[in-house]
Asker: 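Below: one structure in structure tokens.
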2 protein chains.
Amino acid sequence: MAMQRCCPETTVYDRDLGAEAAVFKALADPARAAIVATLARAEHEVCVCDFTAGLELNQSTISHHLKLLKGAGLVTSERRGTWGYYSLAPSARARLEAALACVIPEKLRA
Amino acid sequence: MAMQRCCPETTVYDRDLGAEAAVFKALADPARAAIVATLARAEHEVCVCDFTAGLELNQSTISHHLKLLKGAGLVTSERRGTWGYYSLAPSARARLEAALACVIPEKLRA
DNA sequence: CGACTGCATCGACAAATGTCAATCCAATCA
DNA sequence: TGATTGGATTGACATTTGTCGATGCAGTCG
């Protein structure tokens with residue numbers, strides 16, 4: 001007797017999700033999530049010194065995380081004089097929502 | 001002259017975001033994102049063999065990713081006979097939405 | 001029973017990641 | 001000008017991660 005198929009076969013989602021995965025990766029660290037959460041709640045841009053004061057991490061480590069977030073396009077930075085300021089990128093939430101919608105679309109069974 | 005403060009100071013978000021970061025980390029890999037995207041679109045559970053056939057990865061690698069996703073609580077698995085089946089966890093989308101809402105709450109300026 | 005098959009687990013390994021100390025750079029202050 | 005300061009960059013290092021090959025195991029077929 002031939003072995004029955006395991007199940008009605010499913011085609012694996014084949015579009016490349018590298019970009020979506022990259023967006024999630026940007027938030028896949030507690031420190032970076034905290035930075036973004038801070039920016040999202042702030043009424044104005046946030047000085048780097050606030051992060052170095054508030055997070056229990058070395059200054060260079062924080063600088064590194066900020067750089068990653070900026071690379072992911074989730075935050076923007078501006079330099080005024082000696083100080084550096086970071087803000088949530090206007091599109092940040094939309095980008096996250098889009099990535100989520102791509103991986104787990106809202107629609108329930110059609 | 002005393003150096004003026006850099007800006008109105010901001011308090012860093014202090015709740016631990018380790019759990020939220022972990023959820024994002026689960027999707028922070030293209031292969032895992034593709035697996036979840038497949039499950040989210042499937043009308044029924046998906047056999048492991050569909051993943052090994054559709055993804056260009058070693059069988060053991062796929063098994064590893066499935067394990068991570070299960071550990072993150074995003075998928076559920078069932079074993080029937082020789083075959084293994086995976087489904088999207090019912091709470092998967094809600095968990096992601098909650099994590100997103102925690103990091104970047106919906107509200108705009110109050 | 002014995003051969004086979006689907007999937008999980010283990011061991012190994014290269015690559016990526018998070019962290020810190022040290023250094024560098026530009027702007028400010030005295 | 002020279003000293004100081006905020007923050008970025010570099011180098012080093014331990015840990016984690018993604019991947020594969022080999023092996024193990026339970027269920028199936030003959």
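Lettering of chains follows the sequences in order, A, B, ..., and the numbering in each one begins at 1.
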Asker: Side chain of A:His65: nearest nucleotide among C:dG18, D:dG27, D:dG6?
Answerer: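 The closest nucleotide is C:dG18.
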
Asker: Nearest of C:dC20, C:dT9, D:dG18 to any side-chain atom of B:Leu68?
Answerer: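 The nucleotide sitting nearest to the side chain is D:dG18.
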
Asker: May I have the distance from A:Lys70 (atom NZ) to D:dA8 (atom C1'), rounded to whole angstrom?
Answerer: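 Spelled out: NZ on A:Lys70 to C1' on D:dA8 is 11 Å.
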
Asker: Whole angstrom is fine here: how far is it from CZ in A:Arg79 over to C1' in C:dC25?
Answerer: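 Value for this atom pair: 8 Å.
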
Asker: Return the value, rounded to whole Å, for the distance between atom CG of B:Leu66 and atom P of C:dA8.
Answerer: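 One finds 6 Å between P of C:dA8 and CG of B:Leu66, rounded.
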
Asker: When the nearest nucleotide of DNA chain C is assigned to A:Gln59 and to B:Thr61 on a heavy-atom basis, which residue is associated with the more 5' position?
Answerer: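 Its nearest nucleotide lies further toward 5', so the answer is B:Thr61.
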
Asker: Strictly below 4.0 Å: does A:Lys67 bring a side-chain N or O up to OP1 or OP2 of D:dT9?
Answerer: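 Yes, such a contact exists.
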
Asker: Calculate the interatomic distance between A:His64 atom NE2 and C:dC24 atom P; express it in whole Å.
Answerer: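 Between P of C:dC24 and NE2 of A:His64: 21 Å.
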
Asker: By nearest atom, which of the nucleotides D:dT19, C:dA27, C:dG6 is closest to the B:Thr82 side chain?
Answerer: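 So the nucleotide nearest the side chain must be C:dG6.
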
Asker: Could you tell me if the side chain of A:His65 sits less than 4.5 Å from the side chain of A:Thr61, heavy atoms only?
Answerer: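 Result yes, sub-4.5 Å side-chain heavy-atom pair found.
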
Asker: Compare the minimum distances between each of D:dG7, C:dT5, C:dT17 and the side chain of A:Trp83, then state the nucleotide with the smallest one.
Answerer: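 Taking heavy atoms from C-beta onward, the closest nucleotide is D:dG7.
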
Asker: Taking atom P of C:dC7 as reference, at what distance in whole Å does atom CG of B:Leu55 sit?
Answerer: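 Spelled out: CG on B:Leu55 to P on C:dC7 is 13 Å.
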
Asker: So, do A:Ser87 and A:Glu78 sit near enough that their side-chain heavy atoms are less than 4.5 Å apart?
Answerer: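 No, their side chains stay 4.5 Å or more apart.
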
Asker: For B:Asn58 and C:dA12, give me the distance from atom CG to atom P, rounded to whole Å.
Answerer: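 Distance, rounded to whole Å: 17 Å.
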
Asker: Taking only side-chain nitrogens and oxygens of B:Lys25, does any of them come within less than 4.0 Å of OP1 or OP2 of D:dT16?
Answerer: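 The answer is no; no side-chain N or O of B:Lys25 sits under 4.0 Å from OP1 or OP2.
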
Asker: Start at the 5' end of DNA chain C and walk down; is the nucleotide closest to B:Thr52 or to A:Leu57 reached first?
Answerer: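 Going by which nucleotide is closer to the 5' end, it is B:Thr52.
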
Asker: What integer distance in Å separates B:Tyr85:OH from C:dC7:P?
Answerer: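 Atom OH in B:Tyr85 sits about 8 Å away from atom P in C:dC7.
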
Asker: Hey, are the side chains of A:Leu74 and A:Leu96 touching, using non-hydrogen atoms and a 4.5 Å cut-off?
Answerer: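 Answer yes - side chains close enough.
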
Asker: Which part of the nucleic acid, if any, lies within contact of A:Phe51, taking any heavy atom under 4.0 Å across all strands shown: a base, the sugar-phosphate backbone alone, or nothing?
Answerer: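 A:Phe51: no heavy atom of the nucleic acid under 4.0 Å.
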
Asker: Does NZ or CZ of A:Arg80 come closer than 6.0 Å to the centre of the six-membered ring of A:Tyr85, within 45° of the ring's axis?
Answerer: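 Because its charged atom sits under 6.0 Å from the ring centre and within 45° of the axis, A:Arg80 does stack over A:Tyr85.
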
Asker: Check this for me, if you would: do A:Glu20 and A:Arg95 make a salt bridge, where the nitrogen-to-carboxylate-oxygen distance has to be below 4.0 angstrom?
Answerer: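 Result for this pair is no, no salt bridge flagged.
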
Asker: Mapping B:Ser60 and B:Arg80 to their closest nucleotides on DNA chain D, which lands nearer the 5' end?
Answerer: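 Residue closer to the 5' terminus by nearest nucleotide: B:Ser60.
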
Asker: Starting at CG of A:Asp29 and ending at C1' of D:dT17, how long is that distance when rounded to a whole Å?
Answerer: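 Result: 14 Å.
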
